[in-house]
Participant: 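First, the structure itself, so that you have it in front of you.
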Amino acid sequence: MKPEKQSPSFNPTSFEQKWRQYWEKQGVYQPDLKSAKKPYYNLMMFPYPSAEGLHVGNMYAFTGADINGRYQRMKGFDVFEPIGLDGFGIHSENYALKVGRHPKEQAKISAKNYYRQLHAIGNGFAFKNTLETYDPDYYRWTQWIFVQMFKHGLAYRKKSPLNFCPSCKTVLADEQVINGLCERCKSQVEKREMEQWFFKITDYAEKLLQNTFKQSFQWSDKVKIGQRNWIGKKEGIIINYSITQLSNNPITITPNTISCFTTRPDTNFGATFVVLAPEHPFVNVILNLFQDPKKIPDQARLAEATAKRVRNDIKVKEIKDYVERAKSKSEMDRIAEGRKKTGVFTGFYAINQLTNNKMPIYITDFVLGHVGTGAVVGVPGHDLRDFQFAKEFNLPIIRVVVGKDGDKTEITREEQIQEEEGTMINSSFLDGKDIHEATKIIMDYFVEKGCGKRVIEYKLRDWCISRQRYWGAPIPMINCPVCGWQPVPEDQLPVLLPDLEDWKPEGTGKGPLAKLSSFVKTKCPKCGGEAKRETDVCDTFLDSSWYFLRYPSVNIEHKTKNIEQKSDTDTSEVARRDSSDGGGISKQLPWDHEITRRWLPVTQYIGGAEHTVLHLLYARFVTMALKDWRYIDFEEPFSRFYAHGLIIAEGAKMSKSRGNVVIPDVYIAKYGADALRTYLMFLGPFDQGGDFRDTGIAGMYRFLGRVWRLVFSVILIPTASREKNPDRISENAGDPSSFRNTGTPQDDTLRRVMHHTIKEVTEDLENFRYNTAIAHIMEFVNQLTDNLQLITNNHIKSLLLMLAPFAPHMTEELWHKFHLTKLEQLDKLSSIHLHPWPLYDPKYLVEEEVTMVIQVNGKTREIIKIQNSESGIQNKVEEEAKTSEKIKKYLVGMTIRKVIFVPGRLINFVIS
RNA sequence: GCCGAGGUGGCGGAAUUGGUAGACGCGCAGGUCUCAAAAACCUGUGGGCCUCAAAGCUCAUGAGGGUUCGAUUCCCUCCCUCGGCACCA
């Protein structure tokens, strides 16, 4: 049979779907989860369906992650690459609100469309292991985690001023407030005093921080640093100052000290005032004391004259007004006022025990109630804010540090403030000491004198978990008037989210579930009496804090026997924990122990850096807690994390509000998924993202077309070389030993280029340098195109194998066309995607002749070819260089002062 | 203000133990094929000078200094863009 001379036209839509069906049918991307030998858990952050569908930004992230998965699979790993939908929570609910559909209905529609797109991009997903966070089988366990948090004392209720989004009508975690705006809807966030559920993530602050320094914690630096900054560890001291008044007959107050946290006690000789946050407890002490003169307590009952004087000193009304005003101010109002310092004097003084000065105590809104002790000792000479405050209230400013500029004059301008480094002055026993040394000395001093205590503070605060919304996992707690808060018994989980007609948020401070009395009314699990269910739902980020544990075990029946099957040699805490637990359903876990052991922690996690202090921190916290409760035996969920860049369009981040969202579907229909995938990976470094352009994708389509025709030219028109090497389906692509050596220079060149390309592409893929990997493949293709008659089977195989992770459909099509296999003959192992990655042999990288640069005084004047064997010998190269007419011209009449020789690279004559 | 990432042709971007700046692609220009177009293919493509041409010279990696035989790369000062945090004591 003679092959037709014309290659079929390159039409991706004619074969892409066919191969996706084949992959799925044959289970090409379904590893044996129970007994895989070389497990590689390749995970990408799952999407939340909060729009019409995936945009190219999502596709960029998924494709980049998928290329790693495909590469690792070809390297011989059993790659598990699951995908699912983070469909519970406020993102999806807001979208449902927007389109005016019930979230449950919308979820079905979104799921269908998202999964259609996720198929269409051609990733090696394990589609048998999908999960959706709104599935009761899933959120049952989200609730179970909540119950465990409660049982272990990590879930608690607290009343505090919280971030409230008036548009989403719910409270938000600190991590979800960006510049005072709601992370989701960009509305102005208000402060509201509410009682809510919190998770004690702060208990893990130190571990969350310390683990980021471990060698094994291989994360993108920017995310590591971002987490460290967010945790914000500070070592300092709490100093207690006695409180006094100017009056001769001071009233007694309790407490009679003020505690201030500071990291810079070295400057305390320069402390001249104390400032309190409006929320500070002492403020209430004052207000209660003097609100009504009759309420002055007995022990403080004063002579009328004294009382009057005290009331004059302490302007109660002014204080009250200031505090109320401060508390009602929104973040935005504060910013709008600039950084102008305001405050009110309390009438009380704190005694600086170093100088015996009476430091006036003020209330000011620049001190934050939740930071440190909510009270700050003011050192106006060496802190910008303290300086501004002192200026505003005419308080004394004392210099106690001399900076490197040596300026010892009085501090009157902001530029004179030394904060970072310097030497102590005007500080008695600290004089002349470096500030860091002085800090240690003074800390010891305070501790010894009994008026200070070293402390470690963190910026990280507890995770507010309650949301006054409908579309989330109901918080599985019951409030009994007799027994207090009780968790829903584990065998009664899930607490199903009821179908609610009236599900829209109202902003009353309660979630929509509160309106459903059949849901609210329940029995106390402890005493059996009438009780009420919690009606708030969990934050979405709890859903996604453990999903990676679930994926590998999605299809596992929860049989108690898989817990008891442990061998005696298995001494892990986890095993003992499992088998010593009580009977019944509570024994079950949402993950299979053996599978979890095999696959977790996640080998490679890939996602956006925007989750640095959100999902990535929460998932680490939940994993640590599960480890401490002995449900798993590792404490870090993601061994490696790679933060990809963002795709921008029209110069801005893709977002619905900007209207610059690019939908991949049209491009897939026009150019095929392969062209879009390869284009996205080519447009810039994967960690930097890039700007999406139509013209670029057309160019990539042309490139793939060139590859298509190149491969068909070999399939259809056998050349002399090809006939000499007729074993069309040999499995030795890239195996260096399979190469004949004809000795012709062109043959050698092509072979060298191939090995060089394999080397470069392999190294690039190891480091997520997809753009340069593609560039190298392109150069290889250009070389092949220029030497059509010299192409061998191995060139084509190597080319297809290297291109396979990027263009999985087309390479699969060409692979089988090349091997003349028929679709119906194919089994799983025929797939190019399970073929071993090509290897290179360094010995074929060596060139006969190398290019050397000849410089005169550091400027390149000539480029010569020289035998590789001689390129490392200075005499030879120098001799050769001096025969060059051009170089002679430069050297004539000059003296060579020095010759710099870099073997194999250049020679430089320094002349004068 | 602090932390992080960047600044290279018309555009996206290559190039690192300091050694040919601009790989690869887009775009553009010219050409081949065609009645024509599309597609495809070929050639050229940083600026300036010089030349009929070839060759050559010269400038150029945000700005300015420095180290070096040699700097996109290292050091100092500064400017700009993007991302994150932000009155955090």
Side-chain angles (χ1 to χ4, degrees), chain A residues 9-10 178-180 220-226 228-230 232 234 236 260-265 267 275 277 331 334-335 337-341 364-368 370-379 382-386 388-389 419 457-459 608-610 612-613 643 645-646 648 651-653 679 682-685 687-700 702-703 705-706 709 769 771-779 781-782 785 851-863 886 889 897-902 904-912:
Chain A
S9 66
F10 176 52
I178 315 290
N179 288 333
S220 294
D221 282 345
K222 62 174 166 181
V223 178
K224 274 202 270 197
I225 292 163
R228 286 173 198 156
N229 290 344
W230 185 259
K234 292 169 291 202
C260 297
F261 174 77
T262 177
T263 55
R264 292 295 307 281
T267 59
V275 271
E331 299 275 327
R334 287 199 187 182
I335 292 165
E337 283 168 20
R339 294 283 140 97
K340 186 175 156 59
K341 299 294 177 282
T364 177
D365 63 5
F366 85 80
V367 175
L368 308 174
H370 55 81
V371 175
T373 56
V376 178
V377 57
V379 183
H382 306 289
D383 180 282
L384 183 59
R385 294 152 305 168
D386 294 352
Q388 291 163 342
F389 189 84
E419 295 192 72
E457 283 269 332
Y458 299 92
K459 198 182 92 152
E610 70 271 19
T612 297
V613 296
L646 287 178
I648 55 176
K653 189 173 160 179
Y679 165 64
F682 185 60
L683 60 75
D687 60 351
Q688 279 172 41
D691 208 345
F692 184 87
R693 278 154 206 271
D694 299 35
T695 53
I697 178 168
M700 190 53 73
R702 282 203 288 276
F703 167 71
R706 277 199 291 279
R709 286 185 295 275
R769 291 194 301 249
N771 56 330
T772 50
I774 294 165
H776 285 118
I777 295 172
M778 286 172 164
E779 285 182 83
V781 170
N782 291 344
T785 310
T851 307
M852 286 198 73
V853 170
I854 307 167
Q855 296 183 335
V856 178
N857 283 347
K859 290 197 177 184
T860 302
R861 295 300 179 184
E862 177 73 299
I863 294 163
K886 267 167 75 182
K889 218 167 61 193
R897 302 281 170 203
K898 202 171 163 189
V899 179
I900 289 154
F901 179 68
V902 183
R905 292 211 88 130
L906 66 72
I907 189 156
N908 181 14
F909 298 103
V910 185
I911 61 167
S912 61

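By convention in this document, chain letters (A, B, ...) are assigned in the order of the sequence lines, proteins followed by strands, and residues within each chain are numbered from 1.
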Participant: So A:Arg861, base contact, sugar-phosphate only, or nothing? Heavy-atom distance under 4.0 Å.
Facilitator: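 The answer is sugar-phosphate, as A:Arg861 gets under 4.0 Å only of primed atoms, P, OP1 or OP2.
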
Participant: Map A:Val613 and A:Phe261 onto RNA chain B by nearest heavy atom, then report which one ends up closer to the 5' terminus.
Facilitator: A:Val613

Participant: Encode nucleotides 37-49 of chain B as B, S and - characters from 5' to 3', where the letter depends on protein heavy atoms closer than 4.0 Å: B to the base, S only to sugar-phosphate, - to neither.
Facilitator: ---SS--------

Participant: Do A:Glu457 and A:Lys234 sit within salt-bridge range, that is, some charged N less than 4.0 Å from a carboxylate O?
Facilitator: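 No, no charged N to carboxylate O under 4.0 Å.
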
Participant: For nucleotides 5-9 of chain B, which of its nitrogen or oxygen atoms have a protein nitrogen or oxygen under 3.5 Å away, and what is each distance?
Facilitator:
none

Participant: At less than 3.5 Å, do the side-chain atoms of A:Lys341 and the base atoms of B:C87 form a donor-acceptor pair?
Facilitator: yes

Participant: If the cut-off is 4.0 Å, is A:Arg228 near the phosphate of B:C2, judged by side-chain N/O to OP1 or OP2?
Facilitator: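 No, A:Arg228 has no side-chain N/O under 4.0 Å of OP1/OP2 on B:C2.
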
Participant: Return yes if the base of B:G84 and the side-chain atoms of A:Glu610 contain a donor-acceptor N/O pair under 3.5 Å, otherwise no.
Facilitator: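 No.
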
Participant: Have a look at B:G4 and give me syn or anti from its glycosidic angle (syn if within 90° of zero).
Facilitator: anti

Participant: Does OP1 or OP2 of B:C88 have a side-chain N or O of A:Lys234 closer than 4.0 Å?
Facilitator: no

Participant: What does the 5'-to-3' dot-bracket notation of RNA chain B look like when only Watson-Crick and G-U wobble pairs under 3.5 Å count, and pairs to other strands show as |?
Facilitator: (((((((..(((......[....)))((((((.......))))))((((......))))..(((((..]....))))))))))))....

Participant: Quick check: on RNA chain B, is the nucleotide nearest A:Asn771 upstream (toward 5') of the one nearest A:Val856, or the reverse? Name the residue that is more 5'.
Facilitator: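 Whichever sits nearer the 5' end wins; that is A:Asn771.
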
